[in-house]
Every structure is written in C-alpha cells, then in structure tokens.
Engineer: 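First the structure, then my questions, so here it is.
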Amino acid sequence: MGIYRKIGYGFICLLILTFLVNFIALFAGGASNPVFMGWLMAVLMSSAGLAIFFLSLDHYQKTDKEKKSQRAFLFMTVISVLFIGLAAYEVIAINNY
C-alpha cells in the first residue's frame, strides 16, 4: 500500500467522522446553528476532494502512465479541485454571515 493511498484513506476516515458529527448535530439540535453546519460542510467537501486526489494519484502511479490514465488522473484532479473550491466558497460564505 502506497503512502498516497494511506493519506487518501485517512481523508476518507475524516469524511466518515464528519458524517457522524453531522448526524449527531442534527439530533442534538446543533443543526440550527448555520456557522457550525457551514464549517462541517466545508470539512466534508475538502476532505472528499483531498481523498479523491490522493487516491487517484496513487492509482496513477501504479499504472504505466498511458494517455488514458493521464486523462483519468486529470479528470479526477479537476473534480477534487471543484470540491476544494466549494469548500472555500462555503468558508467565505461563513465569514460573511
């Protein structure tokens, strides 16, 4: 198992923990606080983007770097940047709240 795969799985664990905190906050009444829920959504989106990036980087290193695998890695990088951009937008929206 490569180091990038371990990092990607770490971000997946952070993603699962964020889901659990979201559900606990939903039942405990923390969902009424928009700043708290906004930060949770920012952590959720950024950890998803970083997990996608590191797992696709690990997969790309294991391939023989053909044109098809380069396009797939580029596509997954664009998707991960989209998720990180959404997380940044959420943080900007929280700071303007």
Side-chain angles (χ1 to χ4, degrees):
M1 183 183 303
I3 185 71
Y4 296 123
R5 181 175 284 192
K6 289 178 185 178
I7 293 171
Y9 286 157
F11 282 116
I12 288 175
C13 290
L14 180 64
L15 191 70
I16 292 169
L17 287 174
T18 308
F19 272 126
L20 290 175
V21 169
N22 250 338
F23 286 127
I24 291 169
L26 183 68
F27 292 122
S32 61
N33 187 354
V35 175
F36 177 69
M37 293 306 286
W39 278 108
L40 280 178
M41 289 305 294
V43 169
L44 187 81
M45 288 185 279
S46 62
S47 63
L50 289 170
I52 290 170
F53 174 74
F54 280 112
L55 289 175
S56 64
L57 180 62
D58 181 66
H59 178 72
Y60 177 68
Q61 282 188 339
K62 290 182 180 181
T63 59
D64 51 359
K65 295 172 182 60
E66 300 171 342
K67 192 76 161 176
K68 185 178 178 181
S69 62
Q70 287 176 352
R71 276 183 282 164
F73 177 66
L74 179 66
F75 178 73
M76 295 309 284
T77 303
V78 167
I79 295 295
S80 66
V81 167
L82 175 74
F83 273 102
I84 293 171
L86 286 172
Y89 178 75
E90 186 72 34
V91 170
I92 291 169
I94 290 168
N95 287 335
N96 290 333
Y97 181 70

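Remember, it's a predicted structure, so these values are computed and weren't measured experimentally.
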Engineer: Would a hydrophobic clustering, with Ile, Leu, Val, Met, Phe, Trp and Tyr connected at side-chain separations under 4.5 Å, put I92 with L82?
Structural biologist: no
Engineer: Do you know the tightest heavy-atom contact between F36 and A25?
Structural biologist: CE2-CB, 3.4 Å
Engineer: Kindly give the heavy-atom pair with the smallest separation between G49 and S80, and that separation in Å.
Structural biologist: O-CB, 3.0 Å
Engineer: Is V43 reachable from F53 through a run of I, L, V, M, F, W or Y residues, each pair having side-chain heavy atoms under 4.5 Å apart?
Structural biologist: yes
Engineer: Enter the distance from T18:OG1 to M41:CE here, rounded to the nearest 0.5 Å.
Structural biologist: 10.0 Å
Engineer: Give the C-alpha distance, both sets of side-chain angles, the deciding distance and a yes or no for side-chain contact (heavy atoms from CB on, under 4.5 Å) between L26 and N22.
Structural biologist: CA-CA 6 Å; L26 183 68; N22 250 338; over 6 Å; no
Engineer: So how far is it from L44 CG to M37 CE, rounded to the nearest 0.5 Å?
Structural biologist: 9.5 Å
Engineer: Check whether Y4 and F83 end up in the same hydrophobic cluster, where Ile, Leu, Val, Met, Phe, Trp and Tyr are linked by side-chain heavy atoms less than 4.5 Å apart.
Structural biologist: no
Engineer: With rounding to the nearest 0.5 angstrom, report the CG to CG distance, L50 to L15.
Structural biologist: 11.0 Å
Engineer: Between H59 and T63, is there a side-chain heavy-atom distance shorter than 4.5 Å?
Structural biologist: yes
Engineer: Which heavy atom of V91 sits nearest to which heavy atom of A42, and what is that distance?
Structural biologist: CG2-CB, 3.8 Å
Engineer: If hydrophobic clusters are built from ILVMFWY residues whose side chains come within less than 4.5 Å, do I52 and L57 share one?
Structural biologist: no
Engineer: What distance do E90 atom CD and W39 atom CH2 have between them, rounded to the nearest 0.5 Å?
Structural biologist: 9.5 Å
Engineer: Is there a path of hydrophobic side-chain contacts, each under 4.5 Å between heavy atoms of I, L, V, M, F, W or Y residues, that connects F54 with L14?
Structural biologist: yes
Engineer: Over all heavy atoms of both residues, which pair between A51 and F11 is shortest? Give the atoms and the distance, please.
Structural biologist: CB-CB, 3.7 Å
Engineer: What residues, two or more places apart in sequence or in another chain, satisfy side-chain contact (heavy atoms from CB on, under 4.5 Å) together with L55?
Structural biologist: R5, Y9, I12
